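Down below is the structure, laid out as structure tokens.
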Amino acid sequence: MLKLSKLVTAVACVAASAAASAGQVEVLHYWTSGGEAKSVAELKKILEAKGHVWKDFAVAGGGGDNAATVLKSRVVSGNPPAAAQIKGPAIHEWAAEGVLANLDSVGKAEKWDSLLPKVVADVMKYKGAYVAVPVNVHRVNWLWGSAAVLKKAGVAGMPKSWDEFFAAADKVKKAGLIPVAHSGQNIWDFTTFESVVLGVGGAKFYEDALVKLDPKALTGDSMRKSLETFRRIKSYIDPAAPGRDWNLSTAMVIQDKAAFQFMGDWAKGEFVAAGKTPGKDFLCAPAPGSANAYTFNVDSFAMFKLKDASAQKAQNDLAAAIMGVEFQQVFNLNKGSIPVRLNMAMDKFDDCAKLSSKDFVATAKTGGLVPSVAHGMAIKPAAEGAIKDAVSQFWNDDKISVADGMKNIAKAAATK
Ligand code: GAL
């Protein structure tokens, strides 16, 4: 019979080896609102279930500008986190610095190429190798509505065009309620603006103007109409909009204090966290005029090169878990997004998510699927930041004419 001492030694060895392979993963992210925090808690749970230690490094600030600043300082000081929320062209900029870990062994072992739309897989690779892992697909061109406020104002349903939108907003205003809950921060001015461009000019115009940064498109008639429409929205917001965080505007719709919010479907994560039901308490619809288009925003994590073998193991386990079926379902149910992994069952998702999933596939075929510029999926961060500022200046300063607004945005788009 195995002597007790040998048994104890054997158990100790197993525990030691598990501890040796157990690594710590410090994760930099900016998911701090109600729905976001619940979502990231699911990732933490899955990593800890694999025996690793999750060190949370949350930097508040919707849209991630603050987190990006903190990340730069950490990397420059030679102390990068194990993983960071990095997406779109910024992934390639970080990869070119030679600081990102190669995830290709995980990508190949987990067959990511067969599980991802090519448009997404290409963004996650640098020189043909995976250096980031995608988490979800958010749709940005949404309009959220409070069913109670619309009923009170006598608005029959969600507006499909900009004429219908302004007619509805007028009814809400007449009823003494707040038509649009807007967050007056430059990323949310830009988020609203890109949905206006998509709805007024269509996907091809959006691509030409905001992705290809074509000067003709940026100064043409569709851009003039977009800026006129964009400015018109301003007369329907409340005086406390400047500086308000995105989720506090979502809360205004959740609490039936405002009729509408232009926001990506991370806002749905707030409705879900507040126990609200889509189609009953709140309504979702593509932003006016953009039902046949889809601005995608894929969140992703990149891993930074670390020396410690157990940390590398933890990084690879984290990457594999993120693309796993279990995480893809539970995370996206909380986050308001849809799985990025193909062929996932959608039966547990609500009608807003099912519409998003249907439109994601449909617009990929029609050319209506476009990258969100406001959320870092389309152009280099320098140009994106410059355009974001020019759009906010136009939004905040009524003395800037539409003609000058166009000129300022076109100039910003030329930022190298
Ligand atoms: C986006 C991000 C989303 C959500 C939102 C608000 O840029 O991709 O996941 O977090 O900002 O912070």
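Note that ligands are numbered from 1 as they come in the structure, with each ligand's atoms numbered from 1 the same way. In this text, all values refer to a predicted model and were calculated from it rather than measured experimentally.
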Return the orientation label for the [X] and [Y] ring planes: parallel under 30°, perpendicular over 60°, tilted otherwise.
X: F193; Y: F230; value: perpendicular
X: F271; Y: F282; value: parallel
X: H182; Y: W395; value: tilted

Below 4.0 angstrom from a heavy atom of [X], which ligand 1 atoms are there? Numbered from 1 as shown, please.
X: W188; answer: 6 (C)
X: G63; answer: 6 (C), 7 (O), 11 (O), 12 (O)
X: N297; answer: 1 (C), 2 (C), 8 (O)
X: K335; answer: 3 (C), 4 (C), 9 (O), 10 (O)
X: W246; answer: 6 (C), 12 (O)
X: G62; answer: 12 (O)

Please confirm whether the backbone N or O of S235 pairs with a side-chain atom of K173, one donor and one acceptor, at under 3.5 Å? yes
Spell out, as yes or no, whether a donor-acceptor pair under 3.5 Å connects the side chain of S183 to the backbone of Q185. no
Can a salt bridge be assigned to the pair R139 and D359 using a cut-off of 4.0 Å between side-chain N and carboxylate O? yes
Quick check: does W266 get an N/O under 3.5 Å from an N/O on ligand 1? no
Apply salt bridge (Lys or Arg N to Asp or Glu O under 4.0 Å) to K204 and E207, showing your working. CA-CA 5 Å; K204 169 119 181 33; E207 279 270 6; over 6 Å; no
Under 4.0 Å between heavy atoms, the region of N136 that gets near ligand 1 turns out to be neither
What residue and atom, counting heavy atoms only, is the protein's closest point to atom 6 (C) of ligand 1, and at what distance? E36 OE2, 3.3 Å
If you have a sec, work out which protein heavy atom is nearest atom 1 (C) of ligand 1 and how many Å separate them, to one decimal? H375 ND1, 3.4 Å
Would G64 count as a contact of ligand 1 if the rule is a heavy atom under 4.0 Å away? no
Would D113 and K118 satisfy salt bridge (Lys or Arg N to Asp or Glu O under 4.0 Å), going step by step from the backbone distance to the final call? CA-CA 7 Å; D113 278 348; K118 190 176 181 308; over 6 Å; no
